[in-house]
Amino acid sequence: MKWYLKLISIILFFLLSRVLQAQNFTIHGFVQANYSMRTASTKGLNNRLGNPYPDFLLGDERMQIEVNRFSTVAGLLGKVDLFYDAVTKRANVEIREAYIDLYLEKFDIRTGRQIITWGVGDLVFINDVFPKDWVAFLSGRPLEYLKFGSDAINVNYYGEFISVQAIAIPFYQPDILPENNRLTAYNPFPGAKSNIEDFPENTVQNTQLAVHAYRNIGNFDVNFYAYRGFYTSPPGINFNQNTGMETIFHPRLNVYGASTQGTLLSGVLSLEGGYYDSRDDADGTNPAIENSQVRFLIGYQQAFGENFTLGLQYFGEQIQKYSQYVQSLRPGFPQRKELHHTLSLRLTQLLNYQTLRLSFFTFYSPNEKDYYVNPEIRYELGDGVWVAAGGIILGGEKVYTFFGQFEKNDNLYIVLRYGF
Amino acid sequence: MQKRKYILSLITIFTFWNVGISMTQKNLSGEEIVKESQQAFYYAGKDMQAKVLMKLISKNGNERIRELTMLRLNDNNNDKQKYYMYFHQPADVRAMTFMVWKYTGKADDRWLYIPAIKLVKRIVADDKNSSFVGSDFSYEDVSGRDISDDIHTLKKEEKINSRNAFVVESVPKQASGAYFSRKVSWIDKETFLPLKEEYYDKRGDLYKTFTADKIENIQEIPTIMKRTMLDTQNGHRTEVSFTKVKYNVGLRDNLFSERYLRNPPREWIR
C-alpha cells in the first residue's frame with residue numbers, strides 16, 4: 001500500500017469509529033506484539049524455498065478492532081486484525097469474525113464468519129473438526145489463535161428436553177499446517193520438486209454439515225455430535241515419481257461422537273469419543289488417505305489449595321482396518337501403531353491476586369516417545385495489560401512422529417498485549 | 001379501680017417484656033443466627049439483579065477493577081441457587097460470562113464462557129480457598145459457606161456502629177475444610193446482615209476483615225451496597241459496590257443455561 005492510502009485508511013478508521021460510537025456501537029480491541037525465537041539449530045537445512053530456516057518464527061505486531069452491537073432481537077460483531085509480519089515483511093488484514101445474530105423465542109441464528117469450538121478435550125480435538133492454526137500453536141502465539149473462523153450458518157434450537165445446533169459451512173477451510181518454510185516438519189516425499197493442492201469445490205454438495213445435540217443429565221453436560229465433510233487435517237498426499245509432482249488433497253470425512261463433562265468428587269471429569277469414518281478409504285487400502293479411526297479421551301481436573309489446578313488427560317487413537325493399513329503402506333514409510341496413546345498434564349498456579357500465572361502444559365506419547373512441552377509465565381501489569389513469556393520444546397525419538405518431526409522448532413516466545 | 005389499673009399495667013409490662021424477648025431474645029443459637037444471616041445476606045428476595053464494581057487495591061494504592069452484572073435466582077426451598085455473571089471490564093475479561101449452580105452439601109457446578117474462542121467449559125475451583133477473580137473475596141465469601149461446615153457459638157451481644165449485634169464465633173469442624181481457624185461475626189440483631197467479620201488464620205492471627213460499609217433498603221430489603229474485605233496482613237483490600245440492585249425481577253430458570261452463557265441476555269445485563 002502507498003503511504004497516502006495507509007494514511008487515508010487510518011483517518012477513515014478513526015472517523016468511522018466516532019460515527020459508530022455515536023450509534024451505540026461498542027468498540028474494543030488490543031494492540032499486541034508477539035515474537036518468537038527459534039532455539040534449536042537448523043544449520044545446514046534449507047526450507048522449501050531453498051533458503052535457510054529463519055531464526056525468528058514470529059515477528060508479529062497487530063491491532064485487533066472489535067465492533068459490536070447487541071440488542072434483545074439481534075446482534076452483530078466484527079473483529080478484524082491488522083498486522084505486520086516482520087519475518088516476511090508483509091502487512092495484512094485478517095477478518096477474525098464477522099457475523100450477524102438473530103435471537104428468536106426458541107432459536108438463535110448466527111450467520112457469517114465465526115469461530116466454532118466443540119468438545120471437552122484440553123488441546124485435544126475429537127469432535128471439533130473446525131479449522132485450526134497449528135502453526136500458531138507451535139510457534140507461541142496466544143491460544144485463541146489456534147482457532148480461526150468458519151464461514152457458516154449456525155442455527156441453534158433450545159428445547160425443554162434437548163438443545164440442537166446445526167451448522168452448514170459452504171466454504172471449505174483446511175487447518176493451517178507447517179509448510180516447511182518457517183517451521184521444519186517431516187517431509188514424506190523429499191524428492192518432490194513441486195506441489196499442487198486440490199481443494200474441494202465450493203458446491204452445494206460439498207457443504208460441510210455439523211450437528212450437535214446436548215442437554216444436562218444430573219451433574220453432567222452431555223453432547224452428541226455428527227459431522228459430514230472433509231478432513232481439515234491431515235491432508236491426503238499423492239506423489240508422482242516420474243514428474244516429481246506432489247498432489248495434496250482433502251479426503252471426505254464423517255465423524256460421529258459424544259462427550260460429557262461434569263463435577264466428580266471435587267474436580268471436573270471430561271470424556272469424549274468419536275468415530276472417524278474415512279469415506280474415501282472405507283476399506284483402508286489407500287495409503288494416501290487416513291484409515292478410519294476411533295478416538296477417545298478422558299480428562300480430570302482438580303483445584304488444590306489456593307489458586308493451584310492440575311489437569312490430567314489421556315488421548316487414544318485407534319486405526320481401523322489395521323492389517324489393510326499395514327499391507328498397503330508405501331515402501332519405506334514408517335508404520336504407525338494400531339493404538340496411539342498421548343498423555344497430557346497441565347499445572348497452573350495463580351499468584352499475587354491472580355496477576356501472576358505460572359503454567360506448564362505437556363503432551364507425551366508413551367508409544368511414540370515424543371513430546372510437546374510449554375512452560376509459560378504471564379504477568380498482568382494493570383487492567384488489560386499483560387505480558388507473557390514462555391517456551392515450546394518439541395521432540396522425540398523419531399523424526400516422523402507427530403511431535404518428533406517438529407524438534408527443530410523449539411522456541412522462546414513473548415507476547416505483550418494492551419487491551420481496550 | 002385502682003387495683004384494675006395496676007393489673008392492666010402489669011399485663012402491659014408483661015406483654016411488652018414477652019414480645020421483647022420473642023423479638024430479640026428468642027434464645028437463638030449461634031447456628032440459628034448464622035442461618036438467618038445467610039438468608040438475609042445471600043438469599044434475599046426470590047431473585048436479584050445488580051451491577052457490581054470491585055476495586056482491587058494494593059497496599060501502595062494500585063487499583064484494578066472488575067465490573068460485572070450479577071443475576072441470582074433462588075430455588076423454591078432455597079437449597080439451590082443459580083448465579084450468572086457477565087463481565088464488563090477490564091478488557092481481558094470483557095464479555096466473559098460465568099455461571100454457578102450452587103448446592104448445599106456438595107460441590108457446585110461452574111461454567112465459564114470464553115468469547116475469543118466461543119468455548120463453554122467447566123471450571124474447577126476450591127471454594128474454600130480460591131480467590132474470586134483475583135480479589136480478597138473467596139468463592140465462598142461471594143456465595144456463602146455451608147452452615148454445617150462450622151460450629152457456631154453465640155459469644156455475646158454488643159453495639160457496633162450504633163447497631164445492636166450478635167457476636168458469633170464460627171470454628172470449622174475440620175481444620176482442613178477452611179482457610180481460617182476461627183471467624184468472628186457481628187450480625188445485626190434486626191436485619192441479620194453481617195456488619196463485620198474477622199478471619200483468623202491457623203496461627204490464630206487476624207488476617208482478613210470484612211466490613212459492611214453501606215446498607216440501604218431496596219424494595220424494603222436491607223441490602224449491603226458497599227462492602228470491603230481487607231487483608232490485614234499485607235494491606236491489600238477489595239472494595240465492592242453494588243448499584244442498580246433490584247429484587248424479584250422475574251428471572252426465568254432457563255436464563256441460567258449454556259444458551260445465555262454464549263449469548264448474554266441483553267435485557268438483563270445492561
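Below, read A as the first sequence line, B as the second, and so on, with proteins coming before strands; counting in each chain starts at 1.
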Counting only heavy atoms not in [X] (residues, nucleotides, ligands), do more than 12 fall under 6.0 Å from its [atom1]?
X: Lys82(B); atom1: NZ; value: yes
X: Phe70(A); atom1: CZ; value: yes
X: Lys59(B); atom1: NZ; value: no
X: Phe224(A); atom1: CZ; value: no
X: Leu381(A); atom1: CG; value: yes
X: Glu160(A); atom1: CD; value: no
X: Ile153(A); atom1: CD1; value: no

What are the two closest non-hydrogen atoms of [X] and [Y], and how far apart are they?
X: Arg64(B); Y: Tyr353(A); value: NH2-O, 2.9 Å
X: Ile117(B); Y: Ile115(A); value: O-CG2, 3.7 Å
X: Leu119(B); Y: Thr117(A); value: CD1-CG2, 3.7 Å
X: Leu265(A); Y: Ala107(B); value: O-CB, 3.8 Å
X: Gly262(A); Y: Arg122(B); value: CA-CZ, 3.7 Å
X: Gly384(A); Y: Pro90(B); value: N-CB, 4.1 Å

Drop me the distance from [X]'s [atom1] to [Y]'s [atom2], to the nearest 0.5 angstrom.
X: Gln261(A); Y: Lys121(B); atom1: CD; atom2: NZ; result: 9.0 Å
X: Ser71(A); Y: Glu267(B); atom1: OG; atom2: CD; result: 9.5 Å
X: Asn254(B); Y: Ser163(A); atom1: CG; atom2: OG; result: 9.5 Å
X: Arg259(B); Y: Tyr103(A); atom1: CZ; atom2: OH; result: 9.5 Å

Measure [X] against the heavy atoms of chain B and call it side chain, backbone, both or neither at under 4.5 Å.
X: Trp386(A); value: side chain
X: Phe148(A); value: neither
X: Thr72(A); value: both
X: Arg110(A); value: side chain
X: Gln302(A); value: backbone
X: Tyr214(A); value: side chain
X: Phe420(A); value: backbone
X: Phe220(A); value: backbone

One pair to check against side chain to side chain contact (heavy atoms under 4.5 Å, CB included): Lys118(B) and Lys147(A). What are the steps and the verdict? CA-CA 10 Å; Lys118(B) 306 284 185 272; Lys147(A) 303 282 298 184; over 6 Å; no
Pick one of side chain, backbone, both or neither for [X], based on which atoms fall under 4.5 Å of a heavy atom in chain A.
X: Asp109(B); value: both
X: Gln89(B); value: neither
X: Ile114(B); value: neither

Charged N to carboxylate O under 4.0 angstrom, Glu66(A) versus Arg94(B)? yes
Under 3.5 Å, is there a donor-acceptor pair linking the side chains of Asn156(A) and Arg262(B)? no
Side chains of Trp111(B) and Asp221(A): is there a donor and an acceptor less than 3.5 Å apart? yes
For chain A, find its close neighbours in residues 227-246 of chain B: heavy-atom separation under 4.5 Å, sorted by number, or none. Asp231(B), Asn234(B), His236(B)
Hey, which of Ile65(B), Val93(B), Asp92(B) is the one that makes side chain to side chain contact (heavy atoms under 4.5 Å, CB included) with Asp383(A)? Ile65(B)
Contacts of Tyr103(B) meeting ring-ring contact (aromatic ring centres under 6.0 Å, His included) (sequence neighbours excluded), chain-then-number -> none
Can you pull out every side chain to side chain donor-acceptor pair (under 3.5 Å) where at least one residue sits in residues 45-55 of chain B? Sequence neighbours excluded, please. none
Quick check against the 3.5 Å criterion: does Gln354(A) have a side-chain atom that pairs as donor or acceptor with the backbone of Ser131(B)? yes
Could you list all the ring-ring contact (aromatic ring centres under 6.0 Å, His included) pairs where at least one residue sits in residues 59-92 of chain B, not counting sequence neighbours? Tyr86(B)-His88(B)
Please determine, among Phe30(A), Tyr99(A), Phe308(A), the option with the most heavy-atom pairs under 4.5 Å with chain B. Tyr99(A)
